[in-house]
Structure formats: structure tokens, C-alpha cells
Amino acid sequence: MKERDCSTIKYQLENFFLIPVDQIVNTIIGNIADDKNTSENKVSNSESTLDIIFESVFKGAAHYFDFIVSTANHPFFNENSGEALRTGLCRLIYLSLQNNCILNAFFEELALKSTLINISGKNKPLIERSIVDMINQCPKSKNLRGKVDSQSFNNRKRIFLNDRRQHTYTSMIIESLNFSPDKKDVFPIETLQYISPVANYLLTDDTSAKFGRSLNNPKMILNKYNNLQKNYTEMQPSYTSPIDNLIFQAEMEAIFGFSFFPSICNYIEDIHHMTISDIKGLKDLEGQLFTSIILQIANLPIFFGKDLFFRYICYSFLSSPNIDFSYFNESVKEIATMLPPSLPKIQQVNNGLILMNRFFQIISSISLPVLFSLWSVVIKELDQKELFTEPLLDIYKKYLAENAATLTTDYAYLSDKDICQLSIDYLRHDKLGSDLFDNCFLLRHIYKEATYNNCTKKTIPLFNISSYTKETMQQLIHDYCNLDSLKKFRAPAFFLTGDALTTYSPLSSLIVSLQYDPNHLGKRDYYRKNSFLIDYRKALFEYLFTKA
């Protein structure tokens, strides 16, 4: 596999999003040098080093995230920005963004270093071995061979072929993951090594095929989904290595949403049983538009922690004294001097739903692509300057293995009181001299304590719910299981190989819509004179909502 060429992405960041990449790189080098002077071991500590890098990357992309930081004085929903619950949610979102950014980068490294592997009974022991060992061509991995269970694979082949004729979700994924030169022959299926556990699971698991077919019958979706999730839960412990378990969980999460949907089911059920009052409440949001917003959250290009964003918009809606569109006004000063009259409840509900839709359009189309792209470029530049003492793949592996539990734990276990306390505890430590974001270790520690000490909130089974929630969940799962959404939003790199993988940029689709001409790459004057140059965030956000 070729190495990723980040020069195009760097030009995109600098010329369309006005992010000073070189300045960020130099700042990181200075910060790591200062950190190394205080402790000789810290520069080789992957957690500390990645914390420092992400802090600068996040600040570099802050122009597109400033509405969701704990110190924001210009909040998106005109919510009360100084409350402990909002501060705690923002800090958890920051930690989740760091974890997801590193997990996303880890998958990119795995993809770039992966070769094709055949999905077959003969290779099953190899597929089930450590993915990183397989990619690093560990000598022991080459000698792993198992007996071919011909009958078992012939049974699966018949199921898959039948499934394929119906053109269902799982069969389309398997077809899309098949990078075999001769795709006319269904078997053998060849896919990149790092995606092989999921490809093998989709191919050989009966519940996957049955779930794929159930999408044609919405009334059967929840029953088949529960069976699929139960089987997945039983399969998961077979990956004893923390990093292999995390890889399997993340890939299955992108395809089926196994952590998001049970978590969001709790919230939908709770909201449904609320009562209507004269004051605006979450019950007022209930309806088709709110369901489509939840689907936007589900399709965010991150693996875990999506429910944090749901809790954030719910908090913002409730805590805003007067929901309006002041975030898109010209200046913070203008907003601060204006005291608009209180809007009727129905108007605030309508404004809230519109703003929620815009919020996730910005997060999905701009904020996250910018963050992930900036991370890729900065890490590449630091690697070229020989900053790291280990290969990037090993650094990511260490970080993710150490933080797998924090990354995958269901945030629904944390009550509002826990999150407020987390914010208070963090602030107390912060007053002792630490920077706001420079010590993610502290935030991780506080979060783990809160999670492990309070696991009283249990996930509602997807079958033990009201008829309204059941219908909503059926719709969400059906719409989530859409191959185009999976390829475009949740896991685009899973379906790329060769040059397409090395040149992929999550910024490209937006930039193409901005009349981007690749023939003028590197000609800086072209962008400023002839192209849609984003001079400030407001213009970009407005364009996003007004373009055809």
C-alpha cells in the first residue's frame, strides 16, 4: 500500500478553511519539547504526546468548533453557556472527539498498510488473530492454518447467494468490501486485512443474513436486530486483545449502530412518556423532524459517543431562554447588546428543530472533516520531522488499547448530576494550575470514576418499549442501514483501496461544491480571486444552508 499524500489536504485546509498548518506544527513541536524537559519519559508516552497534539489541532480547528466548547460566549442555541451541565457535556465531547479522531486515524493507518486477504475457512484462524500482527506480518501469523469446514462454508455460500439475489443490506456490504479483481465470482471474497473480521462475520453469521432480509419487512426489523445484537455480543469476547476487540466493535458500530441505538432508545422512550406543559419541553420536539435529526446524529462520521451530541442539543433546547438565530448574526457584540422579546413556545420549538438540523449539518459537513483532515496533515508533518520514536500505528494502538473502555462505554450511564460533578471536579483541579484542555488524563480519570461508580441506568431492550418508540426505532434502524449513508458518512475509508485510499479527503465533497478546480491546486491567487474563498465562518455556514 502507498503512503497517504497529504499535500492536497493541506492546500484545502490552508486556502479554503484558512487554517495555518505550519504554525500549528511548530507550536506542537515547541509544546512537546517543553513537556520533554519536565519529564524525560513523557515524549515516549503515547497518551501524553497525543494529548498535546490534539489540543493544538483542536485549537487550530476551533473556528469551526467554537460553539461547542465549555468557555463559549457565543453559543449556537443561545443557551446558558456558564452552567455546569453544559460545561461537563462540552468537556466530554472534547474527550470523545479526541478518542474518535485517533481511532479514525488508526483505521486510516491500518487501511494504508493492509493487503488483500481471502475470506475462507482456510484463513479463518488468521482472520481471528490480532489484526495488527497480521498487518505487521508477524511470523507466527503466517503459520496459522485451520481445517477447512467445507460444509459450513457451503451453507453460508447458499445463504449469501440467496441473500445476494434479494440485494439486501448485508449482501451489498459484502459485495462492496470485495476487492477481488474478478468480482463476477462471488467466492472467494477478498478484502483488506483490517476489515476482514467484519467481512467474515457478515458472510458466515446466519443472523446477519436474516437481518439483511428483514429490512424488506419493517415489522420484523427489531426482532431480527435484537437477535443480531445478541449474537454479536456473544461473539465479541472471542477477541481477547483489547485493540482487536475495539476494532471489531468500531467496525460493527459503523455498520449496525449497536451502542448508539440502544442508548438513543432510552431517550426516545423517556421523552415519549413526558407530559406537555406551558413551558417548552423535550416532548414538544417529538415528531418526524426530530426523528430525522436523530438519524443525522446516527450518521455522524464518528464511531462512539454520538449520544453525547444528543444530550447536548436537548440541554441547549431546554436551557435557552429564547431560542433564535442570533448565532448567525454579524458579531458577538451586537448580540450582547440586543434583548429580543421572548418568543412564543411554538416558535421556539420550530427554531430549535431548524437549529438542530443546521447544527448537525455543520458538525458532519465541516467541523469533523476539518478536524480529521487537520489531524492527518499535522501527524504526517510531525512524522516526517522524526518527532516520534515509534511507528504511528504502534502509538495509536497503545493509546486506543489503554483507553478502549473510556471510548466505548455508554455515556447513558452518566446522569446529569454526574456530568455536573465531573465539570466541578475538573474545574477544581484546573484551578491548581492545569490548562483547560492540556490534561486529558485528568478528565479521563474523573470520567472513569463517575462511570464505574454509577451504572444504575440500564439500557432498555429494543423489544420492551412503547408502540411509538418501537415504530421510531424501526424507522431509524431501517434508514441507518443504507449503504450510501455508510459509504458517504460513517465509514467511507472502509470501501476504498489503492490510489482512491491514498488520495481520499473528507473535505473534497464540500470543496467541489464550492467550485473547486483541481487544475489550479497550488496557485494561491486563484482561490482568492476566482473561487468561493471562505473569509470567515459565517459565510461558509450560510452557504451550506443556501446551496441547491
Side-chain angles (χ1 to χ4, degrees), residues 51 54 58 65-73 75-101 259-260 262-271 274 281-282 285 293-294 297 300 302-321 352 356 359-360 363 403 405-432 434-460:
D51 284 351
F54 186 79
F58 187 82
F65 276 101
D66 69 347
F67 49 84
I68 203 168
V69 297
S70 58
T71 55
N73 58 4
F76 196 87
F77 297 91
N78 195 27
E79 70 268 26
N80 295 323
S81 58
E83 293 183 355
L85 181 55
R86 184 187 186 278
T87 302
L89 284 170
C90 287
R91 285 177 175 146
L92 282 176
I93 287 172
Y94 175 88
L95 177 60
S96 179
L97 288 175
Q98 172 167 324
N99 288 338
N100 277 282
C101 186
S259 72
F260 177 74
S263 178
I264 208 69
C265 185
N266 278 303
Y267 299 121
I268 294 172
E269 184 79 345
D270 289 345
I271 290 171
M274 293 176 179
L282 297 180
L285 299 173
I293 289 168
I294 294 174
I297 303 173
L300 285 174
I302 57 178
F303 295 98
F304 301 102
K306 296 176 186 179
D307 58 303
L308 278 173
F309 288 93
F310 179 82
R311 293 182 72 166
Y312 177 84
I313 62 170
C314 288
Y315 160 79
S316 299
F317 174 77
L318 293 176
S319 75
S320 176
M356 288 175 187
F359 178 82
F360 288 111
I363 292 288
N403 294 284
T406 307
L407 205 155
T408 60
T409 299
D410 187 356
Y411 288 95
Y413 286 124
L414 286 176
S415 67
D416 288 351
K417 182 180 179 181
D418 293 327
I419 295 175
C420 289
Q421 189 60 47
L422 182 151
S423 177
I424 293 168
D425 290 347
Y426 189 89
L427 184 62
R428 187 176 69 248
H429 284 84
D430 183 55
K431 287 179 178 178
L432 298 177
S434 63
D435 231 359
L436 183 61
F437 286 133
D438 72 346
N439 195 350
C440 274
F441 173 81
L442 173 60
L443 184 54
R444 281 189 289 266
H445 174 72
I446 295 172
Y447 166 67
K448 286 176 184 177
E449 279 194 342
T451 303
Y452 297 154
N453 292 338
N454 184 14
C455 295
T456 57
K457 187 170 184 179
K458 302 300 181 183
T459 301
I460 300 174

*Does the pair Ile293 and Leu285 meet the rule for a side chain to side chain contact (heavy atoms under 4.5 Å, CB included), with working shown?*
CA-CA 10 Å; Ile293 289 168; Leu285 299 173; over 6 Å; no
*Restricting to pairs with a member in residues 304-317, which pass salt bridge (charged side-chain N to carboxylate O under 4.0 Å, His left out), not counting sequence neighbours?*
Arg311-Asp416
_Worked check of side chain to side chain contact (heavy atoms under 4.5 Å, CB included) between Asp51 and Gln98_ = CA-CA 8 Å; Asp51 284 351; Gln98 172 167 324; 2.6 Å; yes
*Taking it one step at a time, do Ser316 and Phe76 satisfy side chain to side chain contact (heavy atoms under 4.5 Å, CB included)?*
CA-CA 8 Å; Ser316 299; Phe76 196 87; over 6 Å; no
*Locate the shortest heavy-atom distance separating Pro321 from Asn78; write the atom from each residue and the value.*
CD-O, 3.4 Å
*Any donor-acceptor pair under 3.5 Å linking the side chain of Arg91 with the backbone of Val69?*
no
*Should Ile294 and Phe260 be marked as a side chain to side chain contact (heavy atoms under 4.5 Å, CB included) after you check the CA-CA gap, both sets of side-chain angles, and the distance that decides it?*
CA-CA 10 Å; Ile294 294 174; Phe260 177 74; 4.2 Å; yes
*First locate atom CD1 of Ile268, then atom CZ of Phe310, and finally report the distance between them rounded to the nearest 0.5 Å.*
6.5 Å
_Shortest non-hydrogen separation from Ser259 to Phe304 and the atoms involved_ = OG-CD2, 3.9 Å
_Phe67-Phe77 aromatic ring centre distance below 6.0 Å_ = no
_Does the plane of the ring in Phe309 sit parallel, tilted or perpendicular to the ring in Phe360? Use 30° and 60° as the thresholds._
perpendicular
_The criterion is side chain to side chain contact (heavy atoms under 4.5 Å, CB included); which residues satisfy it with Ser319, sequence neighbours excluded?_
Glu79, Asn80, Glu83, Tyr315
*Rounded to the nearest 0.5 Å, what separation is found between the CG atom of Leu95 and the CG atom of Asn403?*
7.5 Å
*Nearest-0.5 Å distance that lies between atom SG in Cys90 and atom CD1 in Ile68*: 6.0 Å
*Can you tell me how far CG of Asn100 sits from CG of Leu407, rounded to the nearest 0.5 angstrom?*
5.5 Å
*Residues two or more places apart in sequence or in another chain: which of them pass side chain to side chain contact (heavy atoms under 4.5 Å, CB included) with Leu318?*
Leu282
*State the CG-CD1 distance between Leu308 and Ile313, to the nearest 0.5 angstrom.*
12.0 Å
_Inter-residue atom distance Leu89.CG - Ile419.CD1, 0.5 Å rounding_ = 4.5 Å
_Contact check, side chains of Leu300 and Ile297, non-hydrogen atoms, under 4.5 Å_ = yes
